[in-house]
Asker: 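I'd like to ask you about the structure that follows.
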Amino acid sequence: MPVQWFPGHMARARRLVQENLKLVDVVIELLDARIPASSRNPIIEEIAARKPHLVVLNKEDLADPHLTRMWLQWFSARGLPALAVDSARKKDLVEVPVQVKRLAENKIASLVARGRRPPPPRCMVVGIPNVGKSSFINALAGSRVTRTGNRPGVTRGPQWIRLAGEVELLDTPGVLWPKFEDPRVGLKLAATGAIKEEVFDVEEVAAWLVEWLRQSSPASLKKRYGLEELPSRGYEVLELIGARRGLVGRGGRVDLYRASIHLLKEFRDGCLGRFTLDAPPG
Ligand SMILES: Nc1nc2c(ncn2[C@@H]2O[C@H](COP(=O)(O)OP(=O)(O)OP(=O)(O)O)[C@@H](O)[C@H]2O)c(=O)[nH]1
Ligand SMILES: [Mg+2]
């Protein structure tokens with residue numbers, strides 16, 4: 001069953017991003033460093049291209065550092081300034097206002113040339129659900145000015161935040177798009193937490209992720225769950241994980257749903273290691 005999630009509130013959020021574009025000088029596109037390609041919303045990408053545009057790979061702490069460096073090079077080779085950050089680490093964010101001001105330079109210069117005092121640059125922070133937009137803004141502001149949560153769909157409406165006269169930021173609700181052309185994009189978005197669990201088959205996504213891990217880093221799966229051998233089918237690996245963790249139901253059989261939830265949570269929390277599911281093209 002392909003993963004898909006584009007409810008009415010997301011269509012409204014997409015309109016909100018479109019409507020607010022004219023009010024802002026810079027668009028900050030937050031991507032998930034674990035899936036820099038799959039977390040790029042093609043609709044947002046098109047909207048953002050009309051303004052000076054900064055790419056931020058968030059949750060850098062959960063991604064493979066080598067692949068993050070490659071992705072940063074990939075973006076800059078395409079003329080897109082890009083930074084990698086962990087929104088819980090303040091020092092990662094010092095470069096953000098610097099880049100924003102640089103991107104807003106032309107506008108500031110034209111206001112100064114007309115004898116006007118330029119207001120702080122205005123930025124809209126956009127990205128998929130749960131990528132960390134509100135956390136990123138709170139970290140920049142140095143306090144909890146906007147609500148966050150470890151599930152998609154926390155921010156429901158737009159919210160302006162001013163950073164000590166330096167920059168103004170607009171927090172927006174997470175937006176996906178109506179159809180994932182490649183079904184693997186849906187699986188990766190579900191595995192990393194951008195899609196709410198009620199709308200996808202948790203066991204299917206966990207089995208896919210386990211197969212990916214078995215191929216990319218079998219040692220981390222074996223070590224985390226004390227397994228000597230890994231069966232080739234994802235569901236069989238999940239059975240072993242469930243048995244190891246005592247996630248059994250009635251009759252002593254492994255509860256595959258609970259094993260799947262457990263694996264997804266451990267992956268998202270970084271317990272298995274730092275992984276990037278998308279490699280830069282070419
Ligand atoms: N490890 C890690 N977790 C992060 C980072 N940034 C945010 N998070 C976590 O990701 C979850 C989602 O954060 P939010 O800031 O609410 O995400 P959002 O993009 O505003 O989500 P919506 O408003 O639902 O679209 C929270 O549990 C945060 O603590 C980061 O850089 N690293
Ligand atoms: Mg939010």
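Position 1 is the first residue of the sequence; numbering continues from there. Just follow the structure's listing: the first ligand is 1, and inside any ligand the first atom is 1.
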Asker: From the Mg ion (ligand 2) out to just under 2.8 Å, does an N/O/S atom of Thr172 turn up?
Answerer: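 Short answer: no, not a single N, O or S atom is under the cut-off.
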Asker: Is it possible for you to check whether Arg122 lies under 6.0 Å from the centre of the six-membered ring of Trp160, through NZ or CZ, and within 45° of that ring's axis?
Answerer: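 Judged by the rule, Arg122 and Trp160 form a cation-pi pair.
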Asker: Please state which part of Glu60 comes within less than 4.0 Å of ligand 1, counting heavy atoms only: side chain, backbone, both or neither.
Answerer: neither
Asker: Does the Asn138 side chain pair with the main chain of Val145, one donor and one acceptor, at a distance under 3.5 Å?
Answerer: yes
Asker: Would you say Thr172 has any N or O atom under 3.5 Å from an N or O of ligand 1, going by distance alone?
Answerer: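 Between Thr172 and ligand 1 (N or O atoms, distance only) the closest approach is not under 3.5 Å.
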Asker: Distance check below 2.8 Å: does Ser135 bring an N, O or S atom to the Mg ion (ligand 2)?
Answerer: no
Asker: Which residue holds the protein heavy atom closest to atom 32 (N) of ligand 1, what is that atom called, and what is the gap in Å?
Answerer: Asp61 OD1, 2.8 Å
Asker: Could you tell me which atoms of ligand 1, counted from 1 in the order shown, lie closer than 4.0 angstrom to a heavy atom of Ser87?
Answerer: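 That gives atoms 6 (N), 30 (C), 31 (O) of ligand 1.
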Asker: Tell me the protein heavy atom at minimum distance from atom 29 (O) of ligand 1, and give that distance in Å.
Answerer: Ser135 OG, 4.2 Å
Asker: With a 4.0 Å cut-off on heavy atoms, is Pro129 touching ligand 1?
Answerer: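 The answer is yes, since Pro129 has a heavy atom less than 4.0 Å from ligand 1.
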Asker: Please indicate whether any nitrogen or oxygen in Val154 is less than 3.5 Å from any nitrogen or oxygen in ligand 1.
Answerer: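 There is such a contact, yes.
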Asker: At under 4.0 Å between heavy atoms, is it the side chain or the backbone of Thr146 that contacts ligand 1, or both, or neither?
Answerer: neither
Asker: Under 3.5 Å between some N or O of ligand 1 and some N or O of Lys59?
Answerer: yes
Asker: Check this for me - ligand 1, Gly132, N or O atoms closer than 3.5 angstrom, yes or no?
Answerer: yes
Asker: What part of Pro152, side chain, backbone, both or neither, has a heavy atom within less than 4.0 angstrom of ligand 1?
Answerer: backbone
Asker: Could you see which bit of Asp171 sits under 4.0 Å from ligand 1, with heavy atoms only: side chain, backbone, both or neither?
Answerer: neither
Asker: Quick check: Phe136 and ligand 1, any N/O pair under 3.5 Å apart?
Answerer: no
Asker: For atom 27 (O) of ligand 1, which of Asn150, Asp92, Asn130 has the closest heavy atom?
Answerer: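 Nearest option to atom 27 (O) of ligand 1, by heavy atoms: Asn150.
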Asker: Counting both backbone and side chain atoms, is some N or O of Val131 under 3.5 Å from an N or O of ligand 1?
Answerer: yes
Asker: For the side chain of Asp32 and the backbone of Ser39, is there at least one donor-acceptor N/O pair under 3.5 Å apart?
Answerer: no
Asker: Round to 10° and report the angle made at the Mg ion (ligand 2) by OG1 of Thr155 and OG of Ser134.
Answerer: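 Between OG1 of Thr155 and OG of Ser134, at the Mg ion (ligand 2), the angle is about 90°.
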Asker: Looking only at heavy atoms of Arg156, does any of them come nearer than 4.0 Å to an atom of ligand 1?
Answerer: no
Asker: Compute the shortest N/O to N/O distance between Gly149 and ligand 1 and return yes if it is under 3.5 Å, no if not.
Answerer: yes
Asker: What atoms of ligand 1 come within less than 4.0 Å of a heavy atom belonging to Gly174?
Answerer: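 Taking each heavy atom of Gly174 in turn, ligand 1 has 25 (O) under 4.0 Å.
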